[in-house]
Amino acid sequence: MPPAAPLRLATWNVNSIRQREHHVRRWLERAQPDILFLQEIKCEATQFPADAFAAMGYHAEVVGQKTYNGVAALCRVPFTVTHRALPGLADDDAQARYIEGELADGTVTIGIYLPNGNSGGEAGFAYKLAWMEALRARLAALLAAGREVAVLGDFNVCPEDIDLAAGALPPGDALVRPETRARFRALLWLGLIDAVRALYPTERLFTFWDYQAGAWPRDSGLRIDHALLSAGLAERLAGVAVDKDERAMEKASDHVPVVVELA
DNA sequence: ATGTCGGCCTTTGGCCGA
């Protein structure tokens, strides 16, 4: 087989695309990803500023929803959407949290906005866990079929204690509960590689700083935005970036972009 | 516990979710 073409994949929870359009445009110019997955676009597809991105050479695939959630993919390489909801949830997911597609070489590329799990009491937390189990089943099926898979997005999981600043979350928060972390590990046990941790095994790298309580100036952050790669893609992993500078911008999102570079 | 955001309706302030 000829060597695969280089590929740069990224994820960014923008906390409203209508508030962050200019941030995203500026960042695309600078970072030049092939695909950028967005989360919390907080609008329906008709309100998504697709034309502004098309003018830059990025095609938009949008899974929109009014008010909350919403995901999208901005692509400058062919990306054929195959799923607009996570297969296998007990009921079809009414929330816009999932987009799956294929690249020209058959690589499966998925963008997710995993439920936070802190609202709605125990039912809200149960929804998070069910979502994680359905994701595990979906990825297991793809891997069993021999597919190479990249999953990027806001996982709303701090995998280990190193992934949050002391006191950044109350004990028992859904992002660090043992049940949550166990289900994240279950994704890794499928053979998926946490790309950031693979290249920076011991560094404190945060991707989110709350707007509240001076979290950013105090560097009281979390690592909750992740890129998981199947083994064949991990073999090509040439670099990762967590673009912390974006958090210092005027009217910044509370999350920053995470980028993986495949050779 | 929360000093902040964003979106929406109950609409010029309050609510939810994060």
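Lettering follows sequence order; numbering is per chain, from 1. Nothing here was measured: the structure is a model prediction, and the numbers come from that model.
- The nearest whole Å value for the distance from the CG atom in A/L114 to the C1' atom in B/dG17 is 16 Å.
- Using atom P as the reference point in both B/dG13 and B/dA1, the two lie 29 Å apart (nearest Å).
- Within 6.0 Å of the CD atom in A/E235, the count of heavy atoms belonging to other residues, nucleotides or ligands does not exceed 12.
- Nearest-nucleotide positions on DNA chain B for A/G167 and A/C43 put A/G167 closer to the 5' end.
- Checked against B/dG17, B/dT2, B/dC5, the side chain of A/Q212 finds its nearest nucleotide in B/dT2.
- Counting to the nearest Å, the P atom of B/dC16 and the CD atom of A/E40 are 17 Å from each other.
- In summary, of the residues considered (A/L175, A/L114, A/L129), a side-chain contact (heavy atoms from CB on, under 4.5 Å) with A/T180 occurs for A/L129 alone.
- Whole-Å rounding puts the A/I224 CD1 to B/dA18 P distance at 11 Å.
- A/Q65 places its CD atom 18 Å from the P atom of B/dC16, with the value rounded to the nearest Å.
- Distance, A/D210 CG to B/dA18 P: 12 Å, rounded to whole Å.
- Here A/Q19 lies in heavy-atom contact (under 4.0 Å) with sugar-phosphate atoms only.
- Counting only heavy atoms from C-beta on, A/R18 has its side chain closest to B/dG7 among B/dG6, B/dT2, B/dG7.
- Residues A/L262 and A/L233 come closest through the heavy atom pair CD2-O, 3.6 Å.
- Atom CH2 of A/W209 is separated from atom P of B/dC5 by 16 Å (rounded to the nearest Å).
- Contact annotation for A/F208: no contact, since no heavy-atom pair falls under 4.0 Å across all strands.
- With A/Q39 as the partner, the side-chain hydrogen bond (donor to acceptor under 3.5 Å, both in side chains) test is satisfied by one option alone out of A/N13, A/T11, A/D154, A/N69: A/T11.
- Which of B/dC8, B/dT2, B/dG6 sits closest to the side chain of A/T67 comes down to B/dC8.
- For the C1' atom pair drawn from B/dT2 and B/dC8, the interatomic distance equals 23 Å after rounding to whole Å.
- The aromatic ring centres of A/H226 and A/F184 sit less than 6.0 Å apart.
- Nucleic acid contact for A/R218: none, since no nucleic acid atom lies under 4.0 Å from a heavy atom of the residue.
- Between A/N15 atom CG and B/dT4 atom C1' the separation is 10 Å, expressed in whole Å.
- Among the nucleotides B/dG17, B/dT4, B/dA18, the one closest to the side chain of A/K42 is B/dG17.
- Spacing between B/dG17 and B/dT12 at atom C1', rounded to whole Å, works out to 22 Å.
- Comparing B/dT11 with B/dG7, their C1' atoms sit 12 Å apart, to the nearest whole Å.
- Separating the P atom of B/dT10 from that of B/dC5 is a span of 26 Å, rounded to the nearest Å.
- For the OP1/OP2 pair of B/dC16 and a distance below 4.0 Å, the side-chain nitrogens and oxygens of A/K66 include no atom meeting the criterion.
- Two residues, A/P170 and A/N118, neighbour DNA chain B, and the one matched to the more 5' nucleotide by heavy-atom proximity is A/P170.
- Ring geometry for A/F48 against A/F53 counts as tilted: the plane angle lies between 30° and 60°, on a 0 to 90° scale.
- For A/S119, a side-chain nitrogen or oxygen approaches OP1 or OP2 of B/dA18 to under 4.0 Å.
- Distance, A/I17 CD1 to B/dC5 C1': 16 Å, rounded to whole Å.
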